[in-house]
Amino acid sequence: MKRNKHLNGFYYVGIVALIVTLTLSEFFSIPDAIRGFGMGFSISMLLYSIFVQTSSYQKFKTFKRGLFNKQSN
């Protein structure tokens with residue numbers, strides 16, 4: 001299996017969300033709920049990008065295909 005060395009789109013979305021959230025909270029007074037959502041969203045996108053880059057994502061896709069493609073007897 002060939003591993004892709006390039007970063008995926010989820011990484012860029014996470015970084016942009018982090019930059020926007022930190023910039024808005026630094027220059028403007030935004031509610032804590034919006035700041036928390038932005039930080040949580042960016043962290044989850046960064047973690048998901050790591051999950052997609054590893055081989056465990058392929059194992060998960062294979063497992064999911066096996067679950068839903070089984071024929072009932």
Side-chain angles (χ1 to χ4, degrees):
M1 179 168 65
K2 186 177 178 182
R3 182 175 279 186
N4 189 0
K5 298 289 183 182
H6 300 287
L7 299 175
N8 54 17
F10 300 112
Y11 178 79
Y12 295 117
V13 169
I15 291 294
V16 168
L18 182 64
I19 290 171
V20 167
T21 302
L22 290 177
T23 303
L24 284 177
S25 66
E26 185 68 29
F27 293 115
F28 302 107
S29 176
I30 61 173
D32 288 338
I34 294 174
R35 185 181 320 149
F37 176 77
M39 294 295 286
F41 180 74
S42 63
I43 290 171
S44 63
M45 285 291 109
L46 291 172
L47 290 175
Y48 187 70
S49 71
I50 293 170
F51 176 69
V52 169
Q53 290 291 336
T54 60
S55 63
S56 60
Y57 180 68
Q58 294 298 328
K59 292 177 188 175
F60 179 71
K61 277 177 52 176
T62 305
F63 174 73
K64 192 170 64 171
R65 283 187 189 136
L67 272 178
F68 295 117
N69 290 336
K70 287 187 177 180
Q71 296 176 359
S72 59
N73 292 332

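Sequential numbering from 1 along the given sequence is applied to the chain's residues.
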Problem - Where S42 and G14 come nearest, the two heavy atoms and their spacing - result: CB-O, 3.3 Å
Handout entry: Pairwise side-chain contact, L47 with S44, heavy-atom cut-off 4.5 Å (strictly under)
Key = no
Exercise for the section: Would you give the length of the straight line joining atom CZ of F10 to atom OG of S49, rounded to the nearest 0.5 angstrom? Expected result: 9.0 Å
Problem - Stepwise side chain to side chain contact (heavy atoms under 4.5 Å, CB included) test for L24 and I34 - result: CA-CA 10 Å; L24 284 177; I34 294 174; over 6 Å; no
Practice task
Say whether I43 and I19 are linked into one hydrophobic cluster, either directly or through other cluster members, by side-chain heavy-atom distances under 4.5 angstrom.
Solution key: no
Problem - Closest non-hydrogen atom pair, R35 against S25 - result: NE-CB, 3.5 Å
Handout entry: Partners meeting side-chain contact (heavy atoms from CB on, under 4.5 Å) with V16 (sequence neighbours left out)
Key = V20
Problem - Heavy-atom side-chain proximity of M39 to L22 below 4.5 angstrom - result: yes
Exercise for the section: Report the distance from atom CG of N8 to atom OH of Y48, rounding to the nearest 0.5 Å. Expected result: 9.0 Å
Practice task
Over 60° means perpendicular and under 30° means parallel, so classify the ring planes of F41 and F37, tilted if in between.
Solution key: parallel
Handout entry: Closest contact, heavy atoms only, T21 versus G38
Key = OG1-CA, 3.4 Å
